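What follows is a short report on a single structure.
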Amino acid sequence: MPTSSFNVASPAVPCPVVESLDAILPEEPLLMMGAGPVPIPAAVAKANTIVINHLGATMVKVISQVKTMARYVFQTHSKWVLGVAGPGSAAMEMAISNLAWEGTRVLSIKNGFFSGRMAEMGRRVAAQVSVLEVADRSVAGLEQIADAIRRERPEIVTIVQGETSNTVWNYQLKDIAALAKAAGALVIIDAVCTLSTMPLAMDAWGIDAVITGGQKGLSSIPGVSLIAFSDAAWERVKGRTAPNAHWCLDASLAENFWHNAGYHYTAPVSGVLALHEALRLVCAETLEKRFARHLKCSVALQEGVMALGLQLYAPKECRLNSVVGIEVPPGLSPGDVCAHISRQHQVEISGSFGLPIVRIGQMGEQCREHNLFRTVHALGRTMVDLGVKVDLPAGVAALERGLSGGK
Ligand SMILES: Cc1ncc(COP(=O)(O)O)c(C=O)c1O
């Protein structure tokens, strides 16, 4: 009789006693108005409850539609759209690790926390990374970028469209991509927070890789992301001689699932179905109307916040609309504000990696009028409760004026 060292009656690690989710989660769901994840529409939530075979005819149809819809959202005709089982960072790492390897010259334009992450990922694949450091709350000038390109002769340039951390918008992407192209470099854009919230035209702007997460502008779930490579980028992926050290993120292996109906790893089927529904809703709305909704809501929110008497963090000329940064009044910490608004008003907003700000998202389902009124009211009341003098009626009135077009 074989003996086992596993004592069934009294295992070395005892069976834990934990609380059910019902006991842990708040009775009323929090309104997710931070920097992501964001609220998801009912169709997305429903799709996320379904499990189907990750291979076979139904999945092939789903994947085909996801790619078609993603091409519209990325504004590309490129065939090379793929999904990623992982957060936005996995899609960033997929872009970098497939296009850069030992010795590749990468220029990273760094406006803050997330654009710095792309540089870090480049270093980890042993690329020769140079960083163009941009002062907080500003964007790099085109001359400065042109100089850096002349000096560093990059094969790849990385940049973020919306630097969620300090709420700066790199509004000159088209011109930056043109400078990089003219110097023969491929351009990788992090559009994790911005995709479908503001214009981005992958083909027309000459971008070679665009990445996004699910949990922000698309209003899908976190953990399933998207990437698109241009033909030129795909050629580089296929032409590399050293294999990608990241097996899961190897685009050539992922091609098997995303383009050849084959197996790479077991896809997160429920998340892919959720993403399908999120993209379908974007297509139903159209990009044009979606951008207009985001713009109107974000600007009205900004006006409401300023009318409360609070200051916005990013200057107007490079202020991101997808996530709004608000300076925390002296004497308070971002944690105080976030904790109070969550506990007392069931509204979740974000701090930001050590900066003295709180952030309110304007991505996907966050850009709904009823969510904005609740958020501005909750923020104003939080300030009052925490001893800050604000003009709450003026804030709500300014929001209303912004949403109704000043009527
Ligand atoms: C601009 C930007 N890039 C990358 C990321 C990373 O995405 P994830 O947290 O899904 O890995 C984020 C997340 O907030 C982001 O805002």
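Just so you know, ligand 1 is whichever comes first in the structure, and atom 1 is the first atom listed for that ligand. Quantities reported herein were computed from a predicted structural model and do not represent experimental measurements.
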- Message: Show, in sequence, the C-alpha distance, side-chain angles and deciding distance for Arg368 and Glu365, and conclude whether the salt bridge (Lys or Arg N to Asp or Glu O under 4.0 Å) test is met.
- Response: CA-CA 6 Å; Arg368 299 287 178 201; Glu365 290 306 298; 3.0 Å; yes

- Note on the structure: Counting from 1 in the order shown, the ligand 1 atoms closer than 4.0 Å to a non-hydrogen atom of Met92 are 4 (C)

- Salt-bridge test for Glu120 and Arg117: reply yes if a basic N is under 4.0 Å from a carboxylate O, no otherwise. no

- List the closest protein heavy-atom neighbour of atom 11 (O) of ligand 1: residue, atom name, distance to the nearest 0.1 Å. Ser89 OG, 2.5 Å

- Note on the structure: Nearest non-hydrogen protein atom to atom 12 (C) of ligand 1, with distance, is Phe114 CE2, 3.3 Å

- Task: Below 4.0 angstrom from a heavy atom of Val160, which ligand 1 atoms are there? Numbered from 1 as shown, please.
- Result: 1 (C)

- Item | Contact (N/O only, under 3.5 Å) between Lys216 and ligand 1 | yes

- atom 8 (P) of ligand 1: nearest protein contact (heavy atom, Å): Gly88 N, 3.5 Å

- Query: Between the side chains of Arg374 and Gln346, is a donor N or O closer than 3.5 angstrom to an acceptor N or O?
  - Reply: no

- Will you find, in the side chains of His340 and Asp385, an N or O donor that is under 3.5 Å from an N or O acceptor? yes

- Query: So is there a nitrogen or oxygen of Gly162 less than 3.5 Å from a nitrogen or oxygen in ligand 1?
  - Reply: no

- Message: I'd like to know whether Glu155 forms a salt bridge (Lys or Arg N to Asp or Glu O under 4.0 Å) with Arg240, so could you lay out the CA-CA distance, the side-chain angles of the two residues, the decisive distance to 0.1 Å, and finally the verdict.
- Response: CA-CA 14 Å; Glu155 294 157 272; Arg240 63 182 290 164; over 6 Å; no

- Task: Spell out, as yes or no, whether a donor-acceptor pair under 3.5 Å connects the side chain of Ser115 to the backbone of Gly112.
- Result: yes

- Just by distance, with hydrogens left out, do Gln362 and His294 show a side-chain donor and acceptor under 3.5 Å apart? no

- Message: Quick check on contacts: which atoms of ligand 1 are under 4.0 angstrom from a heavy atom of Thr164?
- Response: 1 (C), 2 (C), 15 (C), 16 (O)

- Message: What protein heavy atom lies closest to atom 3 (N) of ligand 1? Include the residue and the distance to one decimal.
- Response: Asp190 OD2, 2.6 Å

- Query: For ligand 1, which atoms, with element, lie under 4.0 Å from some heavy atom of Pro87?
  - Reply: 8 (P), 10 (O), 11 (O)

- Query: Are Gln215 and ligand 1 in contact, using a heavy-atom cut-off of under 4.0 Å?
  - Reply: yes

- Hey, is Arg236 close enough to Asp208 for a salt bridge, meaning N to O under 4.0 Å? no

- Task: Can you sort out which atoms of ligand 1 are near Arg117, meaning under 4.0 Å from one of its heavy atoms?
- Result: 6 (C)

